[in-house]
Protein chains: 2
Amino acid sequence: MMTSAPKTQSSSAAAVEQLRSQIFTGKLGAGTDHLESELAEALGMSRTPVREALLVLEGQGLVDVRPRKGVRIKPLSPADMTEIYDILTELESLAAANAARAGYSDTELSRLSVTVDEMDRALRQNDLDAWAQADDAFHHELVRLGNNSRVQSIVGMLSDQVRRARLVTLHMRPLPTRSNEDHRKLLAAIRQGDAKTAHRMHHVHRTAAKEMLIQLLRKHHLNSL
Amino acid sequence: MMTSAPKTQSSSAAAVEQLRSQIFTGKLGAGTDHLESELAEALGMSRTPVREALLVLEGQGLVDVRPRKGVRIKPLSPADMTEIYDILTELESLAAANAARAGYSDTELSRLSVTVDEMDRALRQNDLDAWAQADDAFHHELVRLGNNSRVQSIVGMLSDQVRRARLVTLHMRPLPTRSNEDHRKLLAAIRQGDAKTAHRMHHVHRTAAKEMLIQLLRKHHLNSL
DNA sequence: GTATTCGTCAATGTATACATAAAGAGATGC
DNA sequence: GCATCTCTTTATGTATACATTGACGAATAC
């Protein structure tokens with residue numbers, strides 16, 4: 001599980017959490033508009049904390065605040081996906097290189113290693129959801145090991161932006177068998193402290209994933225989700 | 001001049017603009033703490049728009065909102081600089097590669113070309129400030145040509161974060177003569193549509209700049225600014 | 001029928017009053 | 001003297017009332 005308990009103190013933070021989750025689950029549909037007052041009533045609080053939450057979510061690229069037209073839940077086009085995956089490719093590759101340079105011990109790399117095993121197992125059992133979860137965990141841990149807090153937050157933000165798309169495409173895509181080889185090779189490169197190779201491996205891996213995904217979206221005419 | 005007229009409609013937007021500029025000029029010093037009510041009074045408005053502005057600035061990584069301790073203007077350590085420059089390196093390199101792939105005409109590349117000339121001229125005249133301005137313009141235009149809106153906003157955000165440091169270090173650094181060769185070569189690679197070379201050139205360029213800067217900060221014991 | 005203007009109204013932007021909760025001072029016990 | 005507990009203080013978090021503004025539609029002129 002990646003989802004840590006969202007300990008919510010203030011209403012404002014609660015609003016961010018709830019709105020985020022409603023965006024991810026589609027309860028607030030992509031491209032739909034909403035008034036501050038509606039959202040406030042739905043969340044059982046006043047407009048103030050909702051407004052503040054919306055500002056935060058706007059900063060995270062999840063909504064557009066459009067004065068007098070309501071807040072729009074940002075839809076994702078294939079062009080957006082391209083933008084985002086291009087950035088994820090670069091930043092995760094940077095993280096991979098930094099992780100390699102850091103010279104982590106096997107113990108420190110154990111989590112990463114475990115997620116690869118989990119992906120293997122999930123694949124053998126044909127359990128796509130489990131695979132996706134492990135894949136998420138892998139990327140998350142990789143970025144963590146990259147040890148650059150800003151990379152972590154930017155990657156997190158962009159991952160959030162493509163979350164909905166991932167849900168949709170997960171069951172349309174071909175089985176990611178190739179993917180796991182990539183992960184193992186990347187892990188090996190990091191173990192050996194080979195930053196160049198780690199960077200290149202991951203770059204190639206991500207680029208391939210991007211292409212596949214974009215094709216998929218175009219093929220199914222998913223121009224906005 | 002890069003600074004476009006900040007046309008300010010709402011107080012909230014005005015607060016963002018004013019606080020930003022006070023952070024950049026040092027009127028709000030790095031590492032200092034401030035109460036919402038103080039800031040509100042200083043800006044001649046109520047706490048509400050100030051709070052909203054602070055949320056935005058927090059999202060941009062310029063301040064830390066620390067309940068009951070005041071808002072802290074985020075200081076920059078050498079470690080932060082490393083993080084930021086690492087990311088700028090990757091994202092600008094991506095932009096360079098994309099610009100090359102886009103196959104721009106000479107006309108479309110003219111602005112970029114002009115900034116390189118300006119840097120040359122500034123160097124010959126030993127005008128560091130003019131050089132810095134042209135350098136900024138070059139990077140800005142490069143990123144624009146990369147045609148990825150998210151790269152543009154992330155690079156903009158991170159550039160803001162290091163703005164103060166650049167002001168301080170500008171007159172401490174060695175003359176950037178080497179830098180201009182790099183820019184010309186990059187421009188050539190983009191002209192020729194050679195994405196790989198463009199990416200590599202810029203990556204090397206930025207990495208060198210980063211190292212130089214970090215050395216500089218360490219040498220002068222600038223551990224927080 | 002169409003375009004332009006003006007008025008109306010609803011949604012946002014701002015101020016303010018109030019509730020809440022954390023930090024610090026002071027007192028009290030040991 | 002030191003620690004702990006409580007009380008006070010004060011900054012933030014939230015609700016609400018009010019001001020502002022821009023969208024939309026009705027009305028009028030052509």
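Chain letters run A, B, ... following the sequence lines, proteins first, then strands; residues in each count from 1.
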Sorted by chain and residue number, the side-chain hydrogen bond (donor to acceptor under 3.5 Å, both in side chains) partners of A:R72 (sequence neighbours excluded) come out as A:D33
Please walk me through it: do A:Y85 and A:I214 pass side chain to side chain contact (heavy atoms under 4.5 Å, CB included)? CA-CA 10 Å; A:Y85 272 86; A:I214 301 292; 5.9 Å; no
Write down the distance between [atom1] ([X]) and [atom2] ([N]), rounded to a whole number of angstrom.
X     : N      : atom1 : atom2 : value
A:L55 : C:dT12 : CG    : P     : 12 Å
B:K69 : D:dT10 : NZ    : C1'   : 15 Å
A:L54 : C:dA11 : CG    : P     : 15 Å
A:L43 : D:dA15 : CG    : P     : 11 Å
B:E41 : D:dA11 : CD    : C1'   : 15 Å
A:M45 : C:dA19 : CE    : P     : 19 Å
A:R66 : C:dT12 : CZ    : P     : 11 Å
A:E38 : C:dA10 : CD    : P     : 14 Å

Handout entry: A:T89/A:D86 under side-chain hydrogen bond (donor to acceptor under 3.5 Å, both in side chains): CA gap, chis, key distance, verdict
Key = CA-CA 5 Å; A:T89 299; A:D86 277 353; 5.2 Å; no
Taken in chain and number order and not counting sequence neighbours, the residues that satisfy side chain to side chain contact (heavy atoms under 4.5 Å, CB included) with A:L28 are A:L19, A:Q22, A:I23, A:H34, A:L39, A:I73
Partners passing side chain to side chain contact (heavy atoms under 4.5 Å, CB included) against A:T25 (at least two apart in sequence or in another chain):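 Side chain to side chain contact (heavy atoms under 4.5 Å, CB included) list for A:T25, sorted by chain: A:K27.
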Are side-chain N/O atoms of A:S149 and B:E83 paired as donor and acceptor at under 3.5 Å? yes
Between the protein and nucleotides 16-20 of chain D, which nitrogen or oxygen pairs come in under 3.5 angstrom?
unit_1 : atom_1 : unit_2 : atom_2 : d
D:dT16 : O4     : A:T48  : OG1    : 3.3

field: Residue pairs involving residues 95-110 of chain B (criterion side-chain hydrogen bond (donor to acceptor under 3.5 Å, both in side chains); sequence neighbours excluded)
entry: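 For residues 95-110 of chain B, and leaving out neighbouring residues, the side-chain hydrogen bond (donor to acceptor under 3.5 Å, both in side chains) pairs sorted by first residue read B:N98-B:R101, B:S105-B:E108, B:D106-B:R191.
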Taking every heavy atom of A:L142 against every heavy atom of A:E92, the minimum-distance pair comes out as CD2-O, 4.2 Å
Heavy-atom nearest pair, B:L88 first then B:R206, reads CD1-NH2, 4.2 Å
| message | Tell me whether the side-chain N/O atoms of A:R51 come closer than 4.0 Å to OP1 or OP2 in C:dT12. | response |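 False: A:R51 side-chain N/O out of range (4.0 Å or more) of C:dT12 OP1/OP2.
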Near DNA chain D, counting only heavy atoms under 4.0 Å, which residues of residues 29-37 of chain B show up?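 Residues of residues 29-37 of chain B that come under 4.0 Å of DNA chain D are, in numerical order, B:L35, B:E36.
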